[in-house]
Protein chains: 2
Amino acid sequence: MATINDVAERAGVSVTTVSRVLNNRGYISEKTRRKVYETMAELNYQPNEIARSLLRKQSNLIGLIVPNVSHPFFGELTDAIEYYAYRQGFKLLLCNSQLDPAKERDYIEMMKRHRVDGIIMGSHTLEVGEYRNLNYPLVTLDRRIDAIPYVASDNYRGGELAAQLLIEKGCRKIAHFCGNLQLDMLSNDRTSAFEEKIREQGIEFITLQTDMNVFDQREYERLMAKLFGSHPDIDGVFATSDIIASFVIKWCRKLEKRIPEDIRIIGYDDVNAASWVSPAITTIKQPIEEMGRLAVELIRKQMDGEPYESENVLPVELVERATT
Amino acid sequence: MATINDVAERAGVSVTTVSRVLNNRGYISEKTRRKVYETMAELNYQPNEIARSLLRKQSNLIGLIVPNVSHPFFGELTDAIEYYAYRQGFKLLLCNSQLDPAKERDYIEMMKRHRVDGIIMGSHTLEVGEYRNLNYPLVTLDRRIDAIPYVASDNYRGGELAAQLLIEKGCRKIAHFCGNLQLDMLSNDRTSAFEEKIREQGIEFITLQTDMNVFDQREYERLMAKLFGSHPDIDGVFATSDIIASFVIKWCRKLEKRIPEDIRIIGYDDVNAASWVSPAITTIKQPIEEMGRLAVELIRKQMDGEPYESENVLPVELVERATT
DNA sequence: GATTGTATGTCAATCGATTGACATATGTCA
DNA sequence: TGACATATGTCAATCGATTGACATACAATC
């Protein structure tokens, strides 16, 4: 690949001049500028960003760690983050932790070696301490760790809305699928809020924990079998993701339960898939795009030394469709 | 951040020695090695990969351009690519073209500036000529461009299998949703094969084009309305993605058509979502993981100057579920 | 004719790490 | 005692681009 020296030589000017053209500094005549651009085109010259990064101490790279992009929620979130990163001149380094702590740790180190400008953590399999000592521009999604800025949606409110709706609809025995409560994540608030509300009304409920691992669909199937096996009289379900909700729908069909007449189902996230399935899923909408935008913004602000808000809790919204 | 000089100074050795420890070259006593490692840990030192890349002329970055990762097919493909890239010591630079030629062009340039070691092109909105002149390690997904190596699955066979199944099941009037036939992609072979087979049998069929844009769900809805409006007697559908198939299912429910009794539906890809929806979708399975593995492998081989196969067409498979 | 603005060049340092050439110590073995 | 393996150091170049200091033109303007 051509270097700035090749361009200078071929254009018959000095490297300084080429650099001046490239960076728009100092005096440059229109004629020279044209000549330089022409030569760059002829040589198919592209300035080496690696060399630039080294000097500027800025890579223009943002690292993103998620469990895996093939989970619809993280896929859509990644899309949003990529979109806003691009608009701010950043490129995205993508890592799937697969919820494996070793891989997550490894990825963080790797990103530091590559001097990414900041890391957005959407996967949280490590102990709080490990993140705390990172000493790097960081943004956390859905997890609060000391002073690290985070972006989340109002999980408590989400759980509340879900409970309210199922109560209103007259459900008497409700199942709740939540995530892994051992992982210290803000999404656990959904469960607290939900259980609180339901308990207030003296309604019976069962809580089942699961992981966010789409690949292991058999785990979901096992859970469904277990639930409907021991509690065939469930008449309401609050699932912590639309994907889980669609598994519930599938089992209800199998068991010939009518939705929403016999059983009401409410999901979470409002990913695109929630409206592909039928009946379309009633769900709690997270503002995915805005979450992505904010995450990128927070990295940028940390880099530029601008003041920023550490706690970013965005509103959620009930989207009522056909499963309630 | 600490540099190799800081480490050398603090450990009381020369940078050459630190470098020797780091790269395992020349003679190093066990004592010095330990001392250096200790110091690196104390200083939280991470070798600057940017500086290394500059010297080695290797970034260990692979660029991936897809329409968008929130489309389940590309999400799963990205997952696979990321997995195999990681195993080979590469990191993944992710770009969503959003099917916008300007953005795609821009991204390619950006990746060249960043000196990624190779680019995997899963989005193809540009003219053939633009790719041809790229002069860069490249792998194309689902598109054949001169000598550029590509990875695809057997689209022709996929179309054939779909046609065969619907014929066997006795469908008499079939709708086929295909992608944008203007984009010169190998997936168009599905349509050719399908139409050929159906025509052979003298069966009536309608072909409808669409884009792979999951965001514009309204376009899908419009298409469905159009199809079922003018051809309510359709009794078979071959959709070029499982997502489109799930929209078909949704409309069938709305129109109270029984699946598979009144209408049989077959999708394409076999993404995870195909088995979330109910009834679970009969589909043509693409070997997504193997496609990802091969793409990364082909980049690596081009870098290392190893011989490689240019044409990589992987077998597809009919997965029969509940919609046929 | 002096001043000033414009245009370009030369030179060298810098970013952080790698590497080859060469020097200089030890320690060990024959 | 000499040869050799081991261990470490010094020095300088290199990767590709940026940048500041300074020099040198030429033109226009007062």
Side-chain angles (χ1 to χ4, degrees), chain A residues 1-40 43-61 89 109-117 303, chain B residues 1-40 43-61 89 109-117 303:
Chain A
M1 277 220 130
T3 72
I4 197 172
N5 293 286
D6 302 332
V7 175
E9 200 171 327
R10 189 152 212 260
V13 299
S14 70
V15 280
T16 307
T17 301
V18 178
S19 177
R20 285 206 261 254
V21 171
L22 228 40
N23 298 285
N24 248 317
R25 314 176 53 258
Y27 295 119
I28 287 291
S29 71
E30 207 33 61
K31 186 162 149 270
T32 305
R33 188 186 302 275
R34 251 206 321 279
K35 177 71 190 158
V36 169
Y37 276 126
E38 255 169 45
T39 313
M40 294 197 308
L43 293 181
N44 211 332
Y45 169 76
Q46 303 277 5
N48 187 330
E49 282 298 330
I50 295 182
R52 284 179 159 181
S53 297
L54 183 58
L55 193 63
R56 295 205 180 120
K57 295 162 169 306
Q58 249 209 33
S59 61
N60 289 316
L61 247 40
E109 298 250 296
M110 184 273 276
M111 288 180 162
K112 289 176 79 172
R113 282 198 302 274
H114 274 270
R115 300 295 191 266
V116 300
D117 293 332
M303 284 176 56
Chain B
M1 274 221 134
T3 71
I4 196 172
N5 293 286
D6 302 331
V7 175
E9 199 171 325
R10 189 153 215 259
V13 298
S14 70
V15 280
T16 307
T17 301
V18 178
S19 177
R20 286 205 260 256
V21 170
L22 228 39
N23 298 284
N24 248 316
R25 314 176 53 258
Y27 295 118
I28 288 290
S29 71
E30 206 33 60
K31 184 161 152 271
T32 305
R33 186 186 304 275
R34 251 206 321 279
K35 177 72 190 159
V36 169
Y37 276 127
E38 254 169 44
T39 314
M40 295 196 308
L43 294 180
N44 213 332
Y45 170 75
Q46 303 278 5
N48 186 330
E49 283 297 331
I50 295 182
R52 284 179 159 182
S53 296
L54 183 58
L55 194 63
R56 297 207 179 119
K57 295 162 169 304
Q58 249 208 33
S59 62
N60 289 317
L61 247 42
E109 299 249 298
M110 183 274 276
M111 287 182 164
K112 290 175 79 172
R113 283 198 301 275
H114 275 270
R115 301 293 191 268
V116 300
D117 293 332
M303 286 176 54

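So you know, we letter chains A, B, ... as the sequences are listed, proteins then strands, and number each from 1. Atom set for the values below is all heavy atoms of this structure, side chains included, hydrogens, waters and symmetry mates excluded.
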K.L.:
Give a yes or no answer on whether the side chain of B:T39 reaches the backbone of B:R10 with a donor-acceptor pair at less than 3.5 Å.
P.N.:
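Pair absent, no side-chain N/O of B:T39 close to backbone of B:R10.
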K.L.:
Send over the distance from B:L55 CG to C:dG16 C1', rounded to a whole Å.
P.N.:
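So the CG-C1' distance, B:L55 to C:dG16, works out to 10 Å.
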K.L.:
Hey, mind stepping through A:T16 and A:S19 against side-chain hydrogen bond (donor to acceptor under 3.5 Å, both in side chains) and telling me if it holds?
P.N.:
CA-CA 5 Å; A:T16 307; A:S19 177; over 6 Å; no
K.L.:
Contact class for A:S14 (heavy atom, under 4.0 Å): base, sugar-phosphate, or nothing?
P.N.:
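Base: the residue A:S14, judged by heavy atoms under 4.0 Å, touches a nucleobase.
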K.L.:
Which is more 5' along DNA chain D, the nucleotide nearest B:K57 or the one nearest B:G12? Just name the residue.
P.N.:
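Its nucleotide being nearer the 5' end, the pick is B:G12.
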K.L.:
Round to the nearest Å and state the distance from B:E49 atom CD to C:dG16 atom C1'.
P.N.:
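Rounding to the nearest Å, CD of B:E49 and C1' of C:dG16 are 11 Å apart.
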K.L.:
Looking at every non-hydrogen atom in both residues, tell me the closest pair between A:A8 and A:S14 and how far apart they are.
P.N.:
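Result for this residue pair: CB-C, 3.7 Å.
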K.L.:
Between B:A2 and A:R115, which heavy-atom pair has the shortest distance, and what is it?
P.N.:
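Nearest pair, atom of B:A2 first, then A:R115: O-NH2, 4.1 Å.
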K.L.:
CG of B:L54 versus C1' of C:dT14: gap in Å, rounded?
P.N.:
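In whole Å, C:dT14 C1' and B:L54 CG are 12 Å from each other.
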K.L.:
Any residue in residues 26-37 of chain B with a heavy atom nearer than 4.0 angstrom to DNA chain D? Just list them by number, or reply none.
P.N.:
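Residues of residues 26-37 of chain B under 4.0 Å from DNA chain D: B:Y27, B:I28, B:S29, B:T32.
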K.L.:
For B:V15, which contact category applies under a 4.0 Å heavy-atom criterion: base, sugar-phosphate, or nothing?
P.N.:
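Result for B:V15 = nothing.
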K.L.:
Might you confirm whether atom CD of A:Q46 has over 12 heavy atoms from other residues, nucleotides or ligands at distances under 6.0 Å?
P.N.:
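Yes, enclosed.
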K.L.:
Distances under 3.5 Å only, N/O to N/O: pair up the protein atoms with those of nucleotides 20-28 of chain D.
P.N.:
| unit_1 | atom_1 | unit_2 | atom_2 | d |
| --- | --- | --- | --- | --- |
| D:dG20 | OP2 | A:R25 | NH2 | 2.8 |

K.L.:
With respect to the phosphate group of C:dC15, does any side-chain polar atom (N or O) of A:R56 fall under 4.0 Å of OP1 or OP2?
P.N.:
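For A:R56, the contact criterion (side-chain N or O under 4.0 Å from OP1 or OP2 of C:dC15) is not met.
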K.L.:
Which part of the nucleic acid, if any, lies within contact of A:T17, taking any heavy atom under 4.0 Å across all strands shown: a base, the sugar-phosphate backbone alone, or nothing?
P.N.:
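The residue A:T17 makes sugar-phosphate contact but no base contact.
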K.L.:
Between the two end axes of the helix from C:dG1-D:dC30 to C:dA30-D:dT1, each built from 5 base pairs, what angle do you get to the nearest 10°?
P.N.:
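So the angle between the two local helix axes works out to 50°.
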K.L.:
When rounded to the nearest 0.5 angstrom, what distance separates CD1 in B:I50 from CG in A:L55?
P.N.:
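The distance works out to 11.0 Å.
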K.L.:
Out of curiosity, B:M40 CE to B:E38 CD, how far, rounded to the nearest 0.5 Å?
P.N.:
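Interatomic distance, B:M40 CE to B:E38 CD, rounded to 0.5 Å: 10.5 Å.
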K.L.:
Rounded to the Å, how far apart are B:M1 CE and C:dG16 P?
P.N.:
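One finds 11 Å between P of C:dG16 and CE of B:M1, rounded.
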K.L.:
Using heavy-atom distances to pick each residue's nearest nucleotide on DNA chain D, tell me which of A:N48 and B:V13 is more 5'.
P.N.:
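Result of the comparison: B:V13.
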K.L.:
Could you report the tightest heavy-atom contact between B:T3 and B:Y45, atom names first, then the distance?
P.N.:
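Shortest heavy-atom contact: C-CE1, 3.5 Å.
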K.L.:
Using a strict threshold of under 4.0 Å (side-chain N to carboxylate O), is an ion pair present between B:R52 and B:E49?
P.N.:
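Looking at B:R52 together with B:E49, the answer is yes, because their closest N to O distance falls below 4.0 Å.
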K.L.:
Specify the separation, in whole Å, of atom CD1 of B:I4 and atom C1' of C:dT18.
P.N.:
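From B:I4 CD1 to C:dT18 C1': 8 Å.
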K.L.:
For B:L22 and C:dG16, give me the distance from atom CG to atom C1', rounded to whole Å.
P.N.:
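Taking atom C1' of C:dG16 as the reference, CG of B:L22 is at 11 Å.
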K.L.:
Which whole-number value in Å describes the distance from A:Q58 CD to C:dC15 C1'?
P.N.:
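Taking atom C1' of C:dC15 as the reference, CD of A:Q58 is at 14 Å.
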K.L.:
With a cut-off of 6.0 Å (strictly less than), are more than 12 heavy atoms of other residues, nucleotides or ligands near CD of A:Q58?
P.N.:
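Atom CD in A:Q58 is crowded, with more than 12 foreign heavy atoms closer than 6.0 Å.
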K.L.:
Is the shortest side-chain N to carboxylate O distance from A:R33 to A:E30 below 4.0 Å?
P.N.:
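Yes.
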K.L.:
CG of A:N24 versus P of D:dT18: gap in Å, rounded?
P.N.:
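About 12 Å, once rounded to whole Å.
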K.L.:
So if I apply the side chain to side chain contact (heavy atoms under 4.5 Å, CB included) rule between B:R20 and each of B:T32, B:V15, B:I28, which one comes out positive?
P.N.:
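Between B:R20 and the candidates, side chain to side chain contact (heavy atoms under 4.5 Å, CB included) is satisfied uniquely by B:I28.
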